[in-house]
S.K.: 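Quick one: this structure, given as structure tokens, is what I'll be asking you about.
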Amino acid sequence: MLEIKFIRENIDLVRTKLEERGDAIDLGRFVAMDRKRRDILQEVETLRSERNSVSKEIGARKKNGQDASDIIARMGTVSTRIKELDDALKETEAQLGELTMTIPNIPHESVVRGTGDDDNPVVREWGEKPRFDFDPKAHWDIGEDLNILDFAAGAKITGARFTLYRGAGALLERALVNFMLDLHTTRHGYTEVFTPFMVNSDSMTGTGQLPKFEEDLFKVAGTDYYLIPTAEVPVTNIHRDDILDEKDLPLSYVAYSACFRAEAGSYGKDTRGLIRQHQFNKVEMVKFTKPEESYDQLEKLTANAEEILEKLGIHFRTVSLCTGDLGFSSAKTYDLEAWMPGQDAYREISSCSNFEAFQARRAGIRFRRGESGKIEYVHTLNGSGLAVGRTVVAVLENYQQKDGSVLIPEALKPYMNGIDRIARK
RNA sequence: GGAGAGAUGGCUGAGUGGCCGAAAGCGAUCGCCUGCUAAGCGAUUGUACGCCCCAAAAGGUGUACCGGGGGUUCGAAUCCCCCUCUCUCCGCCA
């Protein structure tokens, strides 16, 4: 959410920036609603002020045994009018709020203009594509041949886009989770948290999933609860409506969670394999920072995610999303794309974003400056560190051998109970 | 699932219709005092929104907020209704 005052005072800038994102928002309607709200507010507050002072006089008169019936009658009509205006105000504020909630964030000045992922500049590459003296297989074939991924069982138990991991496959998933968490907590200074996997609608609104993206979520029938699409939601909402101490910033959290996404609108896309699942595991990093240091922290957070891939020895590139490819809440995003030989493609494995104060405003997350005592919104950031299922894909496809087995990356061996190669039994 | 108790400012805790944005204490900040520390004295100590002023900040002013929502009343922290959460006991349960 952008600050209403900011939109009001920078209407042309906002319009231009939203056009760069490819978003058509009716800012004329915003201006009209905002004007209407303030007009009503002024009138109702004037009446309330009158009522307050007259009510005091009524009290004073009654105390002295004087008659007050004349002004009581007059205030009766004033109160009726206040009630009418209150209703109108509530209606207007609800509409204005709804409109404001659907306006996306403004891209940072360093974000290049573009319309889609073809325009995303590559800012870094690490490693190189592995060479195979055979035709590398896709992970779904590797996984099924090794009997560690069972897509049919997942489909039977639940449905499409659910997968059963078995034996060394299940262990690999768990090993990656622990490897990532350990690196971020012991080397990168993150505090591990473990959160609920369902959250209420206030939390979803705070991070921007609601009200605009409800169709992407799974809702628990008969409740106000939703399955989280990412740990970003519960972790960011840890501090909803908090006023933090400046000396505690930046706060850095890391959380493992299962993630649930409805994937509405992606029918027919990535239907095979682990790439696009309704349920997947992710290790997520979240930071709360002072405004002036959030972009430094974005670089650090991105580097923290990159280090996982480096330690695993997986070739990747880092792209900076252009204005047209940026997510709703984000001011700037780096995507890490891991090389997947079985698919002959780079695939997104992490997304690291600075939301600036966009989420903090929605969620009421602020901090007090030590010097001035002033209260300001924090900046929130998050990034996958990493998407675990896709990391399994990357390991299987990059470390596959001619005989169909898969070597375990050196960094992962301490987590694999002595297994250094997954082979067909 | 059943029965009961509770939710007030950074914290503790008073407050059953007007004098309450809210006593008192604690904490915090600033100042004074004191060889240092401790103690003591004084002042300050919420947030949001609107309007005025303004380049901006500061300032002035109004309104709202005592878990959330609705109602009664000229007037609600206080009375009534609904909801949420917390705690205690019983039942059930991984």
Side-chain angles (χ1 to χ4, degrees), chain A residues 1-10 13 30-101 194-206 210 220 222-226 234 237-249 258 291-292 357 360-378:
Chain A
M1 180 171 68
L2 302 174
E3 195 179 5
I4 287 183
K5 209 182 294 177
F6 177 83
I7 306 175
R8 184 154 69 217
E9 292 168 2
N10 301 277
L13 173 76
F30 171 88
V31 171
M33 301 295 303
D34 177 54
R35 185 70 257 169
K36 187 177 174 191
R37 170 181 169 266
R38 286 184 293 153
D39 287 344
I40 298 173
L41 193 62
Q42 280 175 52
E43 186 179 351
V44 76
E45 289 194 347
T46 305
L47 289 177
R48 258 200 268 267
S49 179
E50 180 188 359
R51 184 177 72 184
N52 285 345
S53 57
V54 173
S55 287
K56 249 172 215 162
E57 182 177 347
I58 292 170
R61 282 204 203 173
K62 288 207 163 175
K63 207 170 176 182
N64 296 328
Q66 297 172 305
D67 177 58
S69 53
D70 56 331
I71 49 180
I72 287 178
R74 200 175 100 229
M75 283 306 103
T77 65
V78 169
S79 281
T80 306
R81 178 67 183 149
I82 288 174
K83 207 161 285 180
E84 287 168 13
L85 287 170
D86 266 340
D87 289 344
L89 184 65
K90 205 171 290 177
E91 174 71 21
T92 306
E93 284 186 335
Q95 289 175 13
L96 183 64
E98 205 174 303
L99 189 59
T100 310
M101 288 300 226
F194 188 80
T195 72
F197 291 175
M198 296 183 207
V199 300
N200 58 37
S201 55
D202 284 341
S203 291
M204 284 295 187
T205 305
L210 290 179
V220 181
T223 72
D224 182 45
Y225 300 159
Y226 295 81
N237 278 282
I238 290 172
H239 292 299
R240 174 151 46 89
D241 294 326
D242 279 356
I243 297 178
L244 303 165
D245 276 340
E246 181 180 10
K247 63 174 160 50
D248 293 333
L249 300 179
E292 62 269 25
R361 264 181 231 111
R362 291 178 161 240
I365 308 170
R366 295 168 295 173
F367 76 103
R368 191 184 298 277
R369 291 257 181 214
E371 283 295 304
S372 60
K374 283 281 225 183
I375 289 174
E376 293 176 46
Y377 287 107
V378 300

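Below, read A as the first sequence line, B as the second, and so on, with proteins coming before strands; counting in each chain starts at 1. The basis for the numbers below is simple: all heavy atoms, side chains too, and nothing from hydrogens, waters or symmetry mates.
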S.K.: So what does Ile4(A) touch, heavy atoms closer than 4.0 Å: a base, only the sugar-phosphate, or nothing?
M.R.: nothing
S.K.: Atom CD1 of Ile40(A) and atom CD of Glu45(A): how far apart are they, to the nearest 0.5 Å?
M.R.: 12.0 Å
S.K.: Counting Watson-Crick and G-U wobble pairs only, both distances under 3.5 Å, name the nucleotide matched with rG9(B), or none.
M.R.: none
S.K.: Is it the case that the side chain of Arg366(A) and the backbone of Ile243(A) share a donor-acceptor pair, with hydrogens and angles ignored and the cut-off at 3.5 Å?
M.R.: no
S.K.: P atom, rG4(B) versus rC83(B): distance in rounded Å?
M.R.: 14 Å
S.K.: Considering every strand shown, what is the Watson-Crick or G-U wobble mate of rG17(B) when both distances are under 3.5 Å?
M.R.: none
S.K.: Taking only residues two or more places apart in sequence, or in another chain, which ones meet Arg369(A) in a salt bridge (charged side-chain N to carboxylate O under 4.0 Å, His left out)?
M.R.: Glu246(A), Glu292(A), Glu376(A)
S.K.: If you look at every strand shown and take non-hydrogen atoms under 4.0 Å, does Arg361(A) touch a base, only sugar-phosphate, or nothing?
M.R.: nothing
S.K.: Any base atoms under 4.0 Å from Arg51(A), or only sugar-phosphate, or nothing? Heavy atoms, all strands.
M.R.: sugar-phosphate
S.K.: Distance-only, no hydrogens or angles: does the Arg51(A) side chain make a donor-acceptor pair with backbone N or O of Met75(A) under 3.5 Å?
M.R.: no
S.K.: Pick the P atom in rG62(B) and in rA56(B), then give their distance to the nearest Å.
M.R.: 23 Å
S.K.: Rounding to an integer number of angstrom, what distance separates rA3(B) and rC92(B) when you compare their C1' atoms?
M.R.: 16 Å
S.K.: Work out how far the C1' atom of rG27(B) is from that of rG46(B), and round it to whole angstrom.
M.R.: 15 Å
S.K.: For Asp34(A) and Phe30(A), indicate whether the former's side chain and the latter's backbone hold a donor-acceptor pair under 3.5 Å.
M.R.: no
S.K.: What does Arg61(A) touch in the nucleic acid at a heavy-atom separation under 4.0 angstrom: a base, only the sugar-phosphate, or nothing?
M.R.: nothing
S.K.: Which residue, Asn52(A) or Leu41(A), contacts RNA chain B at a nucleotide closer to its 5' end, judged by nearest heavy atom?
M.R.: Leu41(A)
S.K.: May I ask which nucleotide in the shown strands pairs with rC93(B), Watson-Crick or G-U wobble, both distances under 3.5 Å?
M.R.: none
S.K.: Using the C1' atom as the reference point in each nucleotide, state the distance between rA22(B) and rA64(B) in Å, no decimals.
M.R.: 15 Å
S.K.: Could you please name the partner base of rC30(B), counting Watson-Crick and G-U wobble pairs only when both distances are under 3.5 Å?
M.R.: rG42(B)
S.K.: Are Lys90(A) and Asp86(A) within salt-bridge range, i.e. N to O under 4.0 Å?
M.R.: no
S.K.: Pick the closest RNA chain B nucleotide for Ser55(A) and for Glu3(A) by heavy atoms, then say which residue is nearer the 5' end.
M.R.: Ser55(A)
S.K.: rA76(B) and rG17(B): how far apart are their C1' atoms, nearest whole angstrom?
M.R.: 6 Å
S.K.: Write down the partner of rU73(B) under the Watson-Crick or G-U wobble criteria, each distance required to be under 3.5 Å.
M.R.: none
S.K.: With a 3.5 Å limit on both atom pairs, tell me what rG4(B) is paired to, counting Watson-Crick and G-U wobble, or say none.
M.R.: rC87(B)
S.K.: Any donor-acceptor pair under 3.5 Å linking the side chain of Thr77(A) with the backbone of Arg74(A)?
M.R.: yes
S.K.: Now, which nucleotide makes the Watson-Crick or G-U wobble pair with rC51(B), with each of the two distances under 3.5 Å?
M.R.: rG60(B)
S.K.: How far does the P atom of rG69(B) sit from the matching atom of rU12(B), given to the nearest Å?
M.R.: 22 Å
S.K.: Report yes or no: does Arg362(A) contribute a side-chain atom to a donor-acceptor pair with the main-chain N or O of Met101(A) at less than 3.5 Å?
M.R.: yes
S.K.: Reading RNA chain B 5' to 3', which nucleotide is the first, and which the last, to come under 4.0 Å of any heavy atom in chain A?
M.R.: rG18(B) to rG75(B)
S.K.: With C1' as the reference atom in both, quote the distance from rU29(B) to rC36(B) in angstrom, rounded to an integer.
M.R.: 22 Å
S.K.: Applying the Watson-Crick and G-U wobble criteria at under 3.5 Å, what pairs with rU37(B)? Answer none if nothing qualifies.
M.R.: none
